[in-house]
Amino acid sequence: MEMTSTITGLWKQHSGNPVENYERFFVPTIGTAWASALLETADLRAGERVLDIACGTGVVARRAAEQVGRTGSVAGLDLSPGMLEIARASTAEIDWHEGDAAALPLPDGAFDVVVSSLGMQFVEDKQSAFREMHRVLAPGGRVAIATGGGPTQPLFAVLEQALARHVSPEVAGFMRAVFSLYDPEQLRTLATDSGFDDIDVRTRVLTVTLPAPAEFLWQYVHSTPLVAAIAPLDDARLAALEHDVVAGWQSFVRGGELVFDGIAVLTTARRREG
């Protein structure tokens, strides 16, 4: 009884708006690590026009705006009105758009750089999204995309397996979707078939320090679509889920903190001149 009441307390502590939780919990940890790697790869310069696709609450776009300065411009696009509401509240200097990456509501050749961090894997029609990125780039423009290495990285494979046991295999499939765009050949083919040149796909290990296992579990669940599937579980099933995940994550704990050595896949390409 004591264990289930503790679980319930942690669950309730992190309840609330999933989009607000995403900005509060996910962005400062994994989101920022991937954003930093992406922007380092993109090598933005003052005065450039940048589009951030699948911008979420705007972590990449905000940092891009600092890098291109007053002479540059940044636009962000996302499908989620909730994500964009938080993004718009964070700054008025960025041009925010609601829309689909596979059908960008933006003109041809309007940007010097297109970036996307941890979102392209969720786009259903990836080929159309790559073609749209090519279309909105000016001649000579470049694209930089950051996704998660796969298949499901070990830390999250533990969560995937526990979700399959205690919720359903269908819900566990969310973790596979998170790490679904990692294959260099697939990424090169998408870029090549969309008309890009100078295609490069490389990986980089990003070490991210996270909260203690139980804390991070419920922060992550409440920051993602998983919350809708897990919310109906009773206390006993919540406790069983937490028990399995926390036990499986012990090998990733260092000094009481959960450490994620994540693999980032960084794809760059260029639209040819003329």
For residues [X] and [Y], report the shortest heavy-atom separation together with the two atoms involved.
X      : Y      : result
Phe179 : Pro151 : CB-C, 4.3 Å
Gly58  : Ala87  : N-CB, 4.4 Å
Leu206 : Ala264 : CD1-CB, 3.6 Å
Val19  : Gly82  : CG1-O, 3.5 Å
Ala146 : Leu38  : N-CD1, 3.8 Å
Pro81  : Leu79  : CD-O, 3.3 Å

- When clusters are formed from ILVMFWY side-chain contacts under 4.5 Å, directly or step by step, what else is grouped with Ile199?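 Noted: Ile199 shares its cluster with Leu51, Ile53, Leu77, Leu104, Leu106, Phe111, Val114, Met120, Val123, Phe130, Met133, Val136, Leu137, Val143, Ile145, Leu181, Tyr182, Leu187, Leu190, Phe196, Val201, Val265.
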Closer than 4.0 angstrom, basic N to acidic O: yes or no for Asp261 and Arg254?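 Result for this pair is yes, salt bridge flagged.
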* Decide, yes or no, whether a salt bridge links Glu66 with Arg63 under the criterion of side-chain N to carboxylate O below 4.0 Å. =>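 Salt bridge absent between Glu66 and Arg63.
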Atom [atom1] of [X]: over 12 foreign heavy atoms under 6.0 Å:
X      : atom1 : value
Gln250 : CD    : yes
Arg202 : CZ    : no
Glu93  : CD    : no
Gln67  : CD    : yes

Sub-4.5 Å side-chain heavy-atom contact between Trp96 and Cys55
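Yes - at least one pair of side-chain heavy atoms lies under 4.5 Å apart.
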Does the side chain of Val171 reach to within under 4.5 Å of the side chain of Leu226, using non-hydrogen atoms?
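Yes. Closest side-chain heavy atoms under 4.5 Å.
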For a side-chain contact (heavy atoms from CB on, under 4.5 Å) check, start with the C-alpha distance between Tyr22 and Val27, then their side-chain angles and the critical distance, and finish with the verdict.
CA-CA 6 Å; Tyr22 175 89; Val27 166; 3.6 Å; yes
Rounded to the nearest 0.5 Å, what separates atom [atom1] in [X] from atom [atom2] in [Y]?
X      : Y      : atom1 : atom2 : result
Asp78  : Glu85  : CG    : CD    : 13.0 Å
Trp34  : Phe26  : CH2   : CZ    : 8.0 Å
Glu160 : Gln153 : CD    : CD    : 12.0 Å

(Q) Donor-acceptor check, side chain of Arg62 to backbone of Thr57, threshold 3.5 angstrom: yes or no? (A)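 Pair found, side chain donor or acceptor close to backbone of Thr57.
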**Asked** Under 3.5 Å, is there a donor-acceptor pair between the side chain of Ser180 and the main chain of Ala177?
**Response**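 Answer holds: yes.
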- Applying side chain to side chain donor-acceptor pair (under 3.5 Å), which residue pairs with at least one partner in residues 265-274 are found, sequence neighbours left out?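 The answer is Asp197-Arg272.
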*Are side-chain N/O atoms of Glu257 and Thr209 paired as donor and acceptor at under 3.5 Å?*
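On atom types as modelled, these side chains do not qualify, holding no pair under 3.5 Å.
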Fill in: Qualifying residue for salt bridge (charged side-chain N to carboxylate O under 4.0 Å, His left out) with Asp112, from Arg45, Arg49, Arg142
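Only match with Asp112 under salt bridge (charged side-chain N to carboxylate O under 4.0 Å, His left out): Arg49.
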Next item on the list: Report the C-alpha distance between Asn21 and Trp218 in whole Å, list the side-chain angles of each, state the deciding distance to 0.1 Å, and finish with yes or no for side-chain contact (heavy atoms from CB on, under 4.5 Å).
Entry: CA-CA 10 Å; Asn21 286 333; Trp218 298 122; over 6 Å; no
Run Phe174 and Thr224 through side-chain contact (heavy atoms from CB on, under 4.5 Å) and show every step you take.
CA-CA 9 Å; Phe174 173 76; Thr224 67; 4.0 Å; yes
Legend entry - Option from Leu258, Val245, Val208 for which side chain to side chain contact (heavy atoms under 4.5 Å, CB included) with Leu155 holds: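 Exactly one candidate clears the test, Leu258.
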### Task
Please name all residues satisfying ring pair (Phe, Tyr, Trp, His ring centres under 6.0 Å) with Phe216, sequence neighbours left out, ordered by chain then number.
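Tyr220, Trp249.
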